[in-house]
Protein chains: 2
Amino acid sequence: MANSADVPAGSPRRRDARATRRRLLEAAADLFAERGYDAATVRDIADRAGANQALLFRYFGSKSALLTEVMAHNGQEQLRATPPEKLFETALRGMLTHRDKEPHDRSLAVYLRSIGGADGTETVKALGEEYVEVLATLSGAEDAALRADLAMAWLLGIGIMRVVVGREPLASADPDAVCELVLGLLGQLLDGTAAPEEEWPPEPGER
Amino acid sequence: MANSADVPAGSPRRRDARATRRRLLEAAADLFAERGYDAATVRDIADRAGANQALLFRYFGSKSALLTEVMAHNGQEQLRATPPEKLFETALRGMLTHRDKEPHDRSLAVYLRSIGGADGTETVKALGEEYVEVLATLSGAEDAALRADLAMAWLLGIGIMRVVVGREPLASADPDAVCELVLGLLGQLLDGTAAPEEEWPPEPGER
DNA sequence: CCCTTGTGTAAGCACCTGCTTACAAACGTT
DNA sequence: AACGTTTGTAAGCAGGTGCTTACACAAGGG
C-alpha cells in the first residue's frame, strides 16, 4: 500500500515487517489447522513462512499468543457474519466442504485438531463456547443449554470424523445428504419436539 | 510359602516380572486415558507403576506397542460382550458415568483424548472402526454406513464435550436425561425414519 | 562355590521443543 | 557519510522426549 515506487514491481520490499508478520500468521493458521496446535512447531511455521523463527517470537511473543491471534483473525468472522438460525448449517457445511486448497475458514479445523491437546487450548475452547451460546438461543426448550451442548457435540463429532479421522463414507459423502440427515434431527432436538419419553407430548406448542 | 521369612507377608516377591508388567499396563491405561497418548510420557507411566522406565521398553518394546497392548486389553471386552442393539447406549452411558476412580473401561477415554494426536493413533482409530461396523448393522436404510458414521460422530462428540472439554451443562447432566434425548433421535437416524424437510426420493441411488 | 539367567536401576544418547541472545545487514534521518 | 533504528540471521540454552546401555543384585542349578 504505502509502498515506495523505487522498488521493482516483483519484490515489494526486501525488508517488510508487516508482510513477514502476515506470512507468519498465514503459515501458523495452515499448520495449526493441519496438525493441531501441539504438533505444529514454531520451526515449521517459520519455515513455511520463509522467515526466521526468532521473528516469530519478536512479532508475537510466544507460540500460544500466535494461536490467539490466529483464532481471533480467522475465527469470529463467520460467527458474527452468520445469523444464529443459519449458524449450525453454515458451520456444518464449512466442515463438509473442507478443502485444503481453498482459503476457507481454518478456525474449525484448528479447533478440531487441537482439542485433545494439553497446552494453550483455552483459546480454541473459547471459540466453541461462543458457538454453543448462539446455538442455545435457538431452542425454546427448558433445557436449551443442554440441547445446545448436544448439538455442538454432534457438529464437533462430525467434523472430527470427517477432518481428522477421515472415516468413510462420511468423509466423502455429499454435503447436502449429510445436511439433510443431520439438520432434520437437530431441528427436533432444538425445538424440543424430540420426545424423551415414550409417548410424545400431544401439544408441541409451548413456544 | 516359598517365600523367605525376612520379607513381609504382603509382598509375595520382590522380583516379579509379571506383576511389574501388569502394573505398567495399568499405569499406561490410566495415563493414556487421562492425558492422551502423546501427552503421557513413558517416564510418568513408569513412575506411576513404581517401575523403572527401562523395564517398560524391555517388556513392551516401544511406547506405541504399549498403546496397542492397552487398547487390545481394555478395549474390545465391552465391544464383544455387548449385543449390537445395546452397543450405542452402553458406550454412551459408559462415557456419561465417567468416573476416574472406578475401574471402568478406559479405552473410550484413550480414544477421545488421542484422536487429535500425531503419532501412533492408528490403534485407537481401529477401535472406532469396530464400533461403527457394529452400528451399521443396526440400520436397515440404504445408506446405513453413512448413518452409522453420523451416529458414531455424535457419540464421539458427546464424549469429547464431556470428558475432554468438560462443557456445562453437558458434563454434569443426568445420564438418563442425555440418553433419552440422544437415543430417541438416534433411533430415527438408524431406522431411516428421520425425514428431512422434503419427501425422500424413492431411489436415492446416486453415490 | 561359581556361573548363568532373570529382574531392577542409573546414567546417558540423540533428538526435539519453545524461546533467547548476539550479531549482521538494510533502511531513514541528519 | 555517519548515525541509530528496524529487519533478518545463526547459534545456542534449558528442558523434555523416546529409547539404549552398562551395571548391580537376586535367584537357582551345576
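Per chain, numbering begins at 1; letters A, B, ... match sequence-line order. As the structure is a computational prediction, the values presented were derived from the model and not from experiment.
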*asked:* Does B:Arg43 contact D:dG16 through a side-chain donor or acceptor facing the base, at a distance under 3.5 Å?
replied: no

*Report the distance from atom CG of B:Leu67 to atom C1' of D:dC19, rounded to the nearest whole Å.*
17 Å

*asked:* Whole angstroms only, please: what is the CZ-P distance between A:Arg22 and D:dT7?
replied: 13 Å

*Sequence neighbours excluded, which residues qualify as side-chain contact (heavy atoms from CB on, under 4.5 Å) partners of B:Ala144?*
B:Ser139

*Rounded to the nearest Å, what distance is computed from the CG atom of residue B:Leu31 to the P atom of nucleotide D:dT17?*
12 Å

*Under 4.0 Å between a Lys/Arg side-chain N and an Asp/Glu carboxylate O for B:Asp149 and A:Arg162?*
no

_Quick check on contacts: within residues 52-63 of chain B, what sits under 4.0 Å from DNA chain C by heavy-atom distance?_
B:Asn52, B:Gln53, B:Ala54, B:Leu55, B:Arg58, B:Tyr59

_Qualifying ring pair (Phe, Tyr, Trp, His ring centres under 6.0 Å) pairs with a residue from residues 121-159 of chain B, counting only residues at least two apart or across chains_ = A:Trp154-B:Trp154

*With sequence neighbours left out, what residues match B:Arg21 under salt bridge (Lys or Arg N to Asp or Glu O under 4.0 Å)?*
B:Glu69

*Starting at CD1 of A:Ile45 and ending at C1' of C:dG18, how long is that distance when rounded to a whole Å?*
11 Å

*Please confirm whether the backbone N or O of B:Ala49 pairs with a side-chain atom of B:Arg23, one donor and one acceptor, at under 3.5 Å?*
yes

_How many whole angstroms separate atom CG of B:Asp47 from atom C1' of D:dT17?_
14 Å

*asked:* Is A:Thr20 close enough to D:dT7 that one of its side-chain N or O atoms is under 4.0 Å from OP1 or OP2 there?
replied: no

*Taking atom P of D:dG16 as reference, at what distance in whole Å does atom CG of A:Asp38 sit?*
16 Å

*Between atom CG in B:Leu24 and atom C1' in C:dT9, what is the gap in whole Å?*
14 Å

*For A:Ala40 and B:Arg23, take the nucleotide of DNA chain C holding the closest heavy atom to each; which residue's nucleotide lies nearer the 5' end?*
B:Arg23

_What is the separation between atom CG on A:Asp16 and atom P on D:dG8, rounded to the nearest whole Å?_
7 Å

*Listed by chain and number, what are the ring-ring contact (aromatic ring centres under 6.0 Å, His included) partners of B:Phe32, not counting sequence neighbours?*
B:Tyr37

*For A:Ala151, check side-chain contact (heavy atoms from CB on, under 4.5 Å) against everything at least two apart and list the hits.*
A:Phe88, A:Leu135, A:Leu186, A:Leu189, A:Leu190

